[in-house]
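Structure, as structure tokens:
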Amino acid sequence: MQSRFRNNVIETTDELRWMPKIPFEYYMIGFRDFINFGDFGHPIDASDAASCFIRLVLEKLEGQPSHILAIMPDLLPTLEFVANNQAKFEAEEHIYGNFSEIFNRIQTLHAMLSA
């Protein structure tokens with residue numbers, strides 16, 4: 001799984017986007033592990049990986065919260081790390097947006113949906 005993310009994180013993220021709930025949860029934890037491990041290869045891969053990860057979580061919370069709410073406690077520490085370390089991922093804000101703002105939206109949605 002890690003090599004699949006490493007080979008093409010954008011395509012693999014798109015595949016996760018359309019998965020049913022149970023496999024999505026499983027592979028999303030693998031995506032988290034990929035981000036945590038940090039073996040991206042090239043800097044552009046790091047920025048794409050971080051952006052794909054944080055944006056997929058936001059997308060699922062907005063459109064299919066039932067697919068992701070159960071695993072949010074497992075994802076939140078990594079999401080916070082990504083948000084607080086955008087420069088480490090070499091993800092320029094003018095290209096990838098502001099990860100802290102995306103994370104704040106994720107936290108707000110998660111709190112609303114978990115209440």
Side-chain angles (χ1 to χ4, degrees):
M1 170 171 210
Q2 299 302 308
S3 63
R4 187 153 173 86
F5 280 113
R6 196 173 306 105
N7 288 336
N8 193 333
V9 71
I10 294 171
E11 181 179 313
T12 305
T13 300
D14 194 47
E15 292 169 359
L16 266 68
R17 185 173 280 118
W18 307 110
M19 283 184 181
K21 181 182 187 296
I22 300 300
F24 172 80
E25 290 176 338
Y26 174 80
Y27 286 107
M28 198 63 193
I29 295 300
F31 198 179
R32 175 208 60 193
D33 294 346
F34 175 69
I35 297 295
N36 288 339
F37 187 61
D39 183 16
F40 307 113
H42 304 287
I44 187 71
D45 297 332
S47 54
D48 285 345
S51 178
C52 285
F53 180 71
I54 200 166
R55 289 180 179 283
L56 182 57
V57 171
L58 178 60
E59 179 183 323
K60 286 296 183 179
L61 283 173
E62 290 175 335
Q64 291 179 303
S66 65
H67 277 57
I68 199 162
L69 282 175
I71 60 170
M72 282 301 295
D74 298 318
L75 303 178
L76 283 168
T78 303
L79 290 162
E80 184 173 14
F81 177 79
V82 168
N84 291 333
N85 292 282
Q86 185 161 354
K88 178 183 179 191
F89 291 99
E90 298 185 32
E92 297 181 34
E93 191 173 327
H94 72 277
I95 296 171
Y96 293 95
N98 184 301
F99 288 173
S100 292
E101 290 175 7
I102 296 168
F103 181 61
N104 288 339
R105 178 76 179 135
I106 287 169
Q107 287 181 300
T108 300
L109 281 169
H110 181 243
M112 286 175 24
L113 294 166
S114 299

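For this chain, numbers begin at 1 and follow the sequence in order.
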**OP:** With rounding to the nearest 0.5 Å, note down the distance linking CZ in F89 to CZ in F99.
**Re:** 7.5 Å

Subject >> Salt-bridge contact E25-K21 (side-chain N to carboxylate O under 4.0 Å) >> reply: yes

**OP:** Kindly indicate, with the supporting measurements, whether the criterion side chain to side chain contact (heavy atoms under 4.5 Å, CB included) is fulfilled by F34 and Y27.
**Re:** CA-CA 10 Å; F34 175 69; Y27 286 107; over 6 Å; no

Original post:
Quick check, are the ring centers of F40 and F5 under 6.0 angstrom apart?
Top reply: no

Subject >> Verdict with supporting geometry, L61 and R105, side chain to side chain contact (heavy atoms under 4.5 Å, CB included) >> reply: CA-CA 10 Å; L61 283 173; R105 178 76 179 135; over 6 Å; no

Original post:
Mind checking what makes side-chain contact (heavy atoms from CB on, under 4.5 Å) contact with S114, not counting sequence neighbours?
Top reply: L69, H110

**OP:** Could you give me the CA-CA distance, side-chain angles and deciding distance for I68 and Q64, then say whether side chain to side chain contact (heavy atoms under 4.5 Å, CB included) is met?
**Re:** CA-CA 7 Å; I68 199 162; Q64 291 179 303; over 6 Å; no

**OP:** Starting at CD of E93, measure out to CD of E101 and round the result to the nearest 0.5 Å.
**Re:** 6.5 Å

Original post:
Do R6 side-chain atoms and D39 backbone N/O form a donor-acceptor pair below 3.5 Å?
Top reply: yes

Subject >> Rounded distance (nearest 0.5 Å) linking atom CD1 of I102 with atom CD of Q107 >> reply: 12.5 Å

Subject >> Interatomic spacing from CZ in F24 to NZ in K60 - rounded to 0.5 Å >> reply: 5.0 Å

Original post:
What's the spacing between D33 CG and T78 OG1 if we round to 0.5 Å?
Top reply: 7.5 Å

**OP:** Working to the nearest 0.5 Å, report the span between OG of S51 and CD of E92.
**Re:** 12.5 Å

